[in-house]
Amino acid sequence: MMLKTLRRIVQDVTAARDLDEVLAIAVRHIQQALAVEVASVYLTDFERREHVLMITAGLRPESVGTVRLGMHDGLVGLVAERAEPVNLDDAHEHPRFRFFPESGEERFHAFLGVPVIYQRRVLGVLVVQRKLKRRFTEDKVTFLITLAAQLAGAIAHAEASDGSSAERLRHSPTQRFIQGVPGAPGVGIGTAVVVCPTADLGAVPDRSTDDPDAEVRAFRTAVAAARAELKQMGKRLSRALPAEERALFDAYALLLDSDSLIQGTVDRIRAGQWAQGALRDVIQDHARKFDDMDDDYLRERAEDIREIGRRILTQLQNRANVARRYPRRTVLVGEEIAAAQLADVPLKRIAAVVTAKGSSSSHVAILARAMGIPAVMGVAEMSMSKLDGRDVIADGFMGRLYVQPTAAVRREYTRLARQDSRLSQELQGLRDLPAQTPDGVHVPLYVNTGLLADVTPSLKSGADGIGLYRTEFPFMIRDRFPGEDEQRQIYRQVLAAFSPRPVTLRTLDVGGDKALPYFPVHEDNPFLGWRGIRISLDHPDIFLTQIRAMLRASEGLENLHLLLPMISDVSELDEALRLLDQAMGELAEEGCNLTRPKVGVMIEVPSAVYQADSLAQRADFFSVGTNDLTQYLLAVDRNNARVAKLFNTLHPAVLRALMQVVEAGHRHGKSVSVCGEMGGDPAAVLLLLGMGIDSLSMTVAGLPRVKWVIRTVSRRKARNLLRKALEMDDAHAIRAMLNRALERAGLGSLVWTGRVEPEETAE
Ligand code: PEP
Ligand code: MG
């Protein structure tokens, strides 16, 4: 029973339009479910350092907004500072009780306060009160705790995206943002345009219309088309289906004609919603009524209503997509965004891309990086329907989304964006200069890519070669495994464009979060599952095809390096080398004239760090994948925004692992490179330089900055910084120390953390 109530509350809250509605739903349900006289919500105003009564059911309405308690004041303050529930039979007896005559509280004695906590921060307190002088029973306490935990996300999100209540709360000088993960660097300031998967009612955003007549017409046409479609289907199936099932189609037809559906939608359009939004609301209202029925049969009718809704929606969307207009600075927002949806927007109108799902290795992120569009991924808490048309800022460096940014935040980001592009222009002067330190150490800089479209910008950037070509992408955009010739052509273009500079082709690294549409793998823990080299070795056919294509592509060019992803065991390397020899032998027999490529191992699994010596004896070089290495060392999913704060490549454990890898490689005379994102982070580069890293590989956009660092800071200086860093045990302190060093070296404009740090928004 409780579970059902909880689920219902959460459902309603998720559908709420703004913070006020979230709170109203919460108190109404709490009052009912716990049978209490009073249910109230206090939220914390961090700027004024007060807890504010935001809503109440049971106290006098005029006390809303006027009852304010100091941070450590009253029982509410006690709940907040302890971050745990307080359950009293008589609040009046408690020394911390503060009486507000305007609230009419004198009649209520029993008090239960539960903190609302989101990502360690107490955002406010839920309070229930009643006349009876008796403590609340344990099941009521746990109900409220469970509810608070579930409400916290909705409240945090509503606060972050609802301008009016944030203002009322004067939340913090540094505005709230929604945390995602960085997808592509850069800052995009513009208007959110929500793209939704077609035929998904829940994903339809709110959008107002200034031409209701046209919307009503569109809606009526869509209904007529859906009706015709259903009739057709009914006819086609009439022979195959028993009468009973056929009746379903009649039921659909009846629903389609129902006045409440048609007129309800039209009314909402007339009130200002566009047709898709109006339809969504009406269908959801109807479906919910059936959801609540006790009769199984009737409950299932809810699904029929949704099905009808989907059909009308599809008709509406088919027509709307044809004539879509995008604002001048469009921030494309979606649950997921397909490449085609991105391609639909004229390039000069795209300011940024933001998705709720996905990660830095999703298609869109890869595409966005190649196209130079800032991207934020994995913004899971984002509630799409309320974003359309809002002013937003997408920070692709830090992976954040600001909704309705304050003037101050906007000013700061505009300044940063301007600085960013000025710096990029200035750094173009370094293009043809070598990446060499003032004390003469040459650290070749390579680019990471996976797209042919990237080849020209990479060449233009003055890169020394390609340090990581992710071959997954050509595999992802097809509907089957690409054949040997198909692959050879792609690889040949990259190898030829860069020859004689080295090009490192990595063998297929799918699995984890990178799925191939035609090779679905479902696992509970994909990052610990069938991934990278593990798939390749289990499918020698796929692996051999790829290696043969790479070898053939390199014929006559001699600049191919092979890189093996996800090696976690020496035997995997041995087996991969054996297959390489087999492919070499076959091709020699076929008359190809080949030189054996250099073979590198990606060090991205902790076990490879500890086996670095054995691996170095067998391989020609190491390339450290710091994205995965950090993920596996720190047990932090690289694509999970909830733990994004814990993902830190400057973590002392990561630094020590890197030291071991460099030392082991060098002991055996093998070169060591870094090709994870860390290699493009100017502060981290100082340490890598100090460790004696032999080369770095990064995104094209990051290359000029890193070159500037290398050309400015001597190896000797970098060694000193490394020594200092190794004495420290906190990643944030290490970053601060490195930022200071960058500033002192005149590289202050590279310090990304000039941006608002999450810590600063804490009280
Ligand atoms: C890495 O893990 O650091 C890496 C470079 O590989 P990917 O990001 O493709 O997993
Ligand atoms: Mg990796």
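Read the numbers this way: they start at 1 and go in the same order the structure lists the ligands and their atoms. The first residue of the sequence shown is numbered 1, and numbering continues consecutively from there. Basis for what follows: all heavy atoms, side chains included, without hydrogens, waters or symmetry-related copies.
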Which atom pair, heavy atoms only, marks the closest approach of G679 to V685?
O-CG2, 3.4 Å
Check for me whether R506 has a heavy atom closer than 4.0 Å to any atom of ligand 1.
yes
Enumerate the atoms of ligand 1 whose separation from the nearest heavy atom of C675 is less than 4.0 angstrom.
5 (C)
Option whose closest heavy atom lies nearest to atom 10 (O) of ligand 1, chosen from R638, E604, E472, R470
R638
Establish, yes or no, whether the cationic atom of R480 lies under 6.0 Å from the six-membered ring centre of Y518 and within 45° of the ring axis.
no
Which atom name would you report as the N, O or S atom of D628 nearest the Mg ion (ligand 2)?
OD2
Regarding D395 and Y413, is there a side-chain donor-to-acceptor distance under 3.5 Å anywhere?
yes
Minimum heavy-atom separation for L650 and M678, please, with both atom names.
CD2-CE, 4.3 Å
Carboxylate-amine/guanidinium proximity below 4.0 Å for D581 and R596:
yes
Looking only at side chains, do H666 and D694 share a donor and an acceptor under 3.5 Å apart?
yes
Does L468 approach ligand 1 within less than 4.0 angstrom via side chain, backbone, both or neither, non-hydrogen atoms only?
side chain
Does ligand 1 have an atom that lies less than 4.0 angstrom from a heavy atom of M602?
yes
Look at the N, O or S atoms of D509, main chain and side chain alike, and state whether any lies under 2.8 Å from the Mg ion (ligand 2).
no
Please list, in number order, the atoms of ligand 1 under 4.0 Å from a heavy atom of G676.
3 (O), 5 (C)
Closest heavy-atom contact between F647 and T626?
CZ-O, 4.5 Å
With atom 4 (C) of ligand 1 as the reference point, say which of T630, N627, D509 has the nearest heavy atom.
N627
Check whether the side chains of R492 and S554 place a donor and an acceptor atom closer than 3.5 Å, and report yes or no.
no
Heavy-atom gap R531 to ligand 1 smaller than 4.0 Å
yes
Would you mind naming the N, O or S atom of E604 nearest to the Mg ion (ligand 2)?
OE1
